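To keep things clear, I will list the structure first and then write my remarks on it.
Predicted model only: the values in this text are computed from it and were never measured.
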Amino acid sequence: MSLATRMGTGLRALTGWRRAAAAFGLGAFSATAFAPLGFFPAILIAYAGLLLLLDGADTATKPLRRAFSIGWFFFLGQFLIGLHWIGYPFLINPDAHLWMMPFALVSMPAGLALFGGLFCLLAVYFWQDGPARIFVLAVLLAIAEWLRGHVFTGLPWNLSGYGWGASLEVLQSTSLFGVYGLSFLTILFGASLAELADRRWRVPAAMLAMFVLLWGFGAWRVTATTITDVPGVSLRLVQPNIPQREKYDRALMLRNWQRLMDLSARPADKALGRPTHIIWPEAANGFPVARAPGALDQIGLFTARGQTVMTGSDRIERDGDGVRYFNSLYLFAPGGVLPVVYDKFHLVPFGEYVPFARLLGSLGVTKLTTGGGFSSGDGPKLLAAAGAPPVTPLICYEVIFPRAVTDPKAPRPGWFVNITDDSWFGPWAGPRQHLLIARTRAIEEGLAIARAANTGISSVIDPLGRIRGALPLNQSGIVDAALPAALPQTPYARFGDLLFLLLLVTGAFAAYLLPRKP
């Protein structure tokens with residue numbers, strides 16, 4: 001009896017707490033495929049194990065309840081490990097928020113795992129012996145991931161497709177059908193490996209061949225694609241590395257501001273020339289820049305020399321309904337022109353606003369950032385950037401939403417600016433996962449991303465997802481780089497999730513047409 005057969009028999013026979021522990025362990029193991037570890041075989045092996053556990057549930061009494069339990073424990077393990085960094089924001093102001101940390105660390109993964117549990121239940125409802133069940137599971141779990149990225153504002157973080165972060169070549173396939181399409185194929189590939197437990201190899205061999213082709217396509221795309229630089233544009237990304245606890249300390253605001261100014265005024269790279277566009281991170285100032293005349297005067301020193309300054313800053317607006325707060329990006333153009341303002345529209349729950357604020361507020365639950373709750377902007381914008389192609393700003397985690405990073409009513413941008421403060425995400429996994437997601441958006445859209453992060457990782461990402469220049473975490477400094485020119489519109493940028501939908505339909509037909517018995 002082969003190792004695969006023994007493992008398959010063992011997983012199918014598990015019951016009770018052992019089955020739950022195996023599901024949890026497989027889910028936790030799958031999370032090692034995501035950044036920063038990037039061990040992509042883990043997610044394939046884990047989905048094979050999940051299918052074998054569901055095989056056992058299908059032959060048991062009350063199979064739907066058991067299938068839900070298996071799916072929920074699997075994804076609980078995946079999210080607990082993959083999103084463990086969500087505990088760090090509660091350490092910024094521990095006196096007010098530390099008590100909420102255990103609840104967030106468990107309740108958020110537990111809630112997200114409901115998607116997987118419910119769709120594993122549905123999969124077993126349609127379960128069939130033989131290879132058809134592989135396609136049933138892959139189609140339904142891919143739908144679950146899409147829903148997770150859209151329901152209740154969505155959280156498409158650590159989608160299965162990001163398990164290929166260690167392979168730039170495989171990630172190139174997102175230019176065709178997006179990360180949701182790659183997630184579907186990843187789940188399908190992993191689940192197909194369960195067939196090896198029954199000494200059936202046709203579907204696993206077909207999926208291996210498909211991923212060899214995807215890798216080959218990606219290798220060709222990376223090698224054959226020439227990316228030029230936009231003439232006359234020199235970017236400077238400023239990474240001040242100001243700890244979150246010090247950013248809003250009034251006694252340190254002058255020091256923090258001076259650090260921004262000193263970094264911005266550093267001597268230019270001789271090969272690139274003087275920076276034409278200086279980019280500061282999200283909430284770089286720690287105060288509303290529009291209400292600080294001295295800060296505006298100093299920014300004017302840069303714009304008077306013909307430079308453009310983009311900075312994140314809180315914005316306060318008074319109207320008939322009172323005071324409203326926005327998380328904004330200001331673009332200061334050369335020549336003293338009034339700044340253009342972009343307001344973040346995809347706000348972070350509990351970070352920038354509290355859902356069901358009255359109810360949760362009565363329980364002592366507050367948002368993690370200082371000041372009042374933020375108001376939302378009205379969607380992606382296209383801004384003129386003097387001397388450079390038009391740019392679309394993305395603030396912090398707005399970059400994580402596939403197909404929601406451009407304004408469909410506006411012309412296509414020439415590049416993205418992503419300003420963020422990843423000090424909220426901890427010192428290890430969170431910022432690296434965020435960077436990988438930004439690289440995938442660049443591949444999907446065929447557009448460069450200039451990413452300025454307070455504590456890192458600041459980087460210039462070209463339209464193939466390659467990093468042109470970067471600063472590591474927790475280091476103060478600058479990144480000077482040219483701006484990579486846009487590629488022609490990718491199939492995903494043109495058609496969005498339509499190709500992903502076609503993959504799902506194809507998978508559903510395969511589940512219907514394949515033999516029900518091995």
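Side-chain N or O atoms of R441 include none that pairs as donor or acceptor with a backbone N or O of I449 at under 3.5 Å. R12 contributes no side-chain N or O that, together with a main-chain N or O of L53, makes up a donor-acceptor pair within less than 3.5 Å. Under a 3.5 Å cut-off, the side chain of D462 and the backbone N or O of A448 do not form any donor-acceptor pair. Judged by distance alone, with hydrogens and angles left aside, the side-chain atoms of E169 form no donor-acceptor pair with the main-chain N or O of W220 at under 3.5 Å. A donor-acceptor pair under 3.5 Å is absent between the side-chain atoms of E246 and the main chain of P243, judged by distance alone. In this structure a side-chain-to-backbone donor-acceptor pair under 3.5 Å is missing from Q172 to I443. Side chain of N418 to backbone of C396: a donor-acceptor contact under 3.5 angstrom is found. Side-chain N or O atoms of S423 include none that pairs as donor or acceptor with a backbone N or O of T455 at under 3.5 Å. Side-chain N or O atoms of T225 include none that pairs as donor or acceptor with a backbone N or O of V222 at under 3.5 Å. Distance alone, capped at 3.5 Å, places no donor-acceptor pair between the K344 side chain and the L394 backbone.
Nearest heavy atom pair, residue A453 against residue P281, reads C-CB, 3.8 Å. Shortest non-hydrogen contact noted between I227 and P484 is CG2-CB, 3.9 Å. A pairwise comparison of heavy atoms in G161 and L171 identifies O-CD2, 4.1 Å as the closest pair. Shortest non-hydrogen contact noted between L140 and F119 is O-CD2, 3.3 Å. For the residue pair L54 and C120, the shortest heavy atom distance occurs at CD1-SG, 4.1 Å. When every heavy atom of L44 is checked against every heavy atom of L193, the shortest pair comes out as CB-CD1, 4.0 Å.
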Pairs of donor and acceptor atoms involving the side chains of residues 22-37, under 3.5 Å and at least two apart or interchain, shall be tabulated with distances.
from	atom 1	to	atom 2	distance (Å)
S30	OG	G27	O	2.6
S30	OG	Q78	NE2	2.9
T32	OG1	F29	O	2.7

Under 3.5 Å donor-acceptor pairs involving side-chain atoms of residues 488-500, not counting sequence neighbours:
from	atom 1	to	atom 2	distance (Å)
T490	OG1	E444	O	2.4
T490	OG1	A493	N	3.0
Y492	OH	D497	OD1	3.0
D497	OD2	W146	NE1	3.4

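Side-chain contact between R6 and L3 is present, with heavy atoms from C-beta onward closer than 4.5 Å. Side-chain contact between L447 and P463: absent, with no pair of heavy atoms (C-beta onward) separated by less than 4.5 Å. Counting only heavy atoms from C-beta outward, the side chains of I461 and L435 approach each other to under 4.5 Å. Proximity of F115 to V151: side-chain heavy atoms (C-beta onward) are separated by under 4.5 Å at one or more points. Residues F416 and P393 form no side-chain contact, since every pair of their non-hydrogen atoms from C-beta on lies 4.5 Å or further apart. With a 4.5 Å cut-off on side-chain heavy atoms, F217 and L176 count as touching. Side-chain atoms of Y162 and T440, non-hydrogen and from C-beta on, do get closer than 4.5 Å to each other. The shortest side-chain heavy-atom distance between F40 and S167 does not fall under the 4.5 Å cut-off.
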With side-chain contact (heavy atoms from CB on, under 4.5 Å) as the criterion, how do L83 and I86 come out once you've worked through the C-alpha distance, each side chain's angles and the decisive distance to 0.1 Å? CA-CA 6 Å; L83 300 179; I86 64 173; 4.2 Å; yes

I would like to know whether H346 and T153 meet side-chain contact (heavy atoms from CB on, under 4.5 Å); could you show each step before the answer? CA-CA 8 Å; H346 220 134; T153 77; 4.2 Å; yes

Is there a side-chain contact (heavy atoms from CB on, under 4.5 Å) between N454 and Q239? Walk through the geometry before answering. CA-CA 5 Å; N454 172 30; Q239 183 171 298; over 6 Å; no

Start with the C-alpha gap between F79 and M108, add the side-chain angles, then the distance that decides, and say whether side-chain contact (heavy atoms from CB on, under 4.5 Å) holds. CA-CA 8 Å; F79 293 130; M108 182 176 175; over 6 Å; no

Test side chain to side chain donor-acceptor pair (under 3.5 Å) on S2 and T5; report intermediate values, then the result. CA-CA 5 Å; S2 68; T5 301; 2.9 Å; yes

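Looking at residues two or more places apart in sequence or on another chain, you find a side-chain hydrogen bond (donor to acceptor under 3.5 Å, both in side chains) between D422 and T420, H434, R451. When the side-chain hydrogen bond (donor to acceptor under 3.5 Å, both in side chains) test is applied to S160, the partners found at least two apart in sequence or on another chain are Y47, E145. Among residues two or more places apart in sequence or in another chain, the salt bridge (Lys or Arg N to Asp or Glu O under 4.0 Å) test is passed with R412 by none. Listed by chain and number, the residues in a ring-ring contact (aromatic ring centres under 6.0 Å, His included) with W127 amount to none (sequence neighbours excluded). With sequence neighbours excluded, the residues satisfying salt bridge (Lys or Arg N to Asp or Glu O under 4.0 Å) with D229 are R468. Here E195 pairs with R133, R200 under the side-chain hydrogen bond (donor to acceptor under 3.5 Å, both in side chains) rule; sequence neighbours left out. The side-chain contact (heavy atoms from CB on, under 4.5 Å) check on A110 picks up W72, L76, with sequence neighbours excluded. Legend: residues meeting salt bridge (Lys or Arg N to Asp or Glu O under 4.0 Å) with R439, ordered by chain and number and at least two apart, are absent. Residues satisfying the side-chain hydrogen bond (donor to acceptor under 3.5 Å, both in side chains) criterion with N327, sequence neighbours excluded, are E282, E352.
No option in I143, L137, V139 other than L137 meets the side-chain contact (heavy atoms from CB on, under 4.5 Å) test with L141. The only option from I419, I478, V391 that meets the side-chain contact (heavy atoms from CB on, under 4.5 Å) definition with I279 turns out to be I419.
To the nearest 0.5 Å, the span separating CG on L105 from OH on Y88 amounts to 10.0 Å. Note that CG of L168 is 9.5 Å distant from CZ of R221, once rounded to the nearest 0.5 Å. Taking CD of E445 as the start and OG1 of T392 as the end, the distance is 9.5 Å to the nearest 0.5 Å. Within the model, atoms CE of M210 and CG of L214 stand 6.5 Å from one another, a figure rounded to the nearest 0.5 Å. A distance of 14.0 Å separates CH2 in W99 from CE in M101, rounded to the nearest 0.5 Å. For the atom pair OG (S376) and CG (L347), the distance works out to 4.5 Å, reported to the nearest 0.5 Å.
For residues 67-89, the set of pairs meeting the salt bridge (charged side-chain N to carboxylate O under 4.0 Å, His left out) definition, not counting sequence neighbours, is empty.
Ring planes of F425 and W157: perpendicular class, angle over 60° (limits at 30 and 60°). Classification of the F189-F211 ring pair by plane angle, with boundaries at 30° and 60°, yields parallel.
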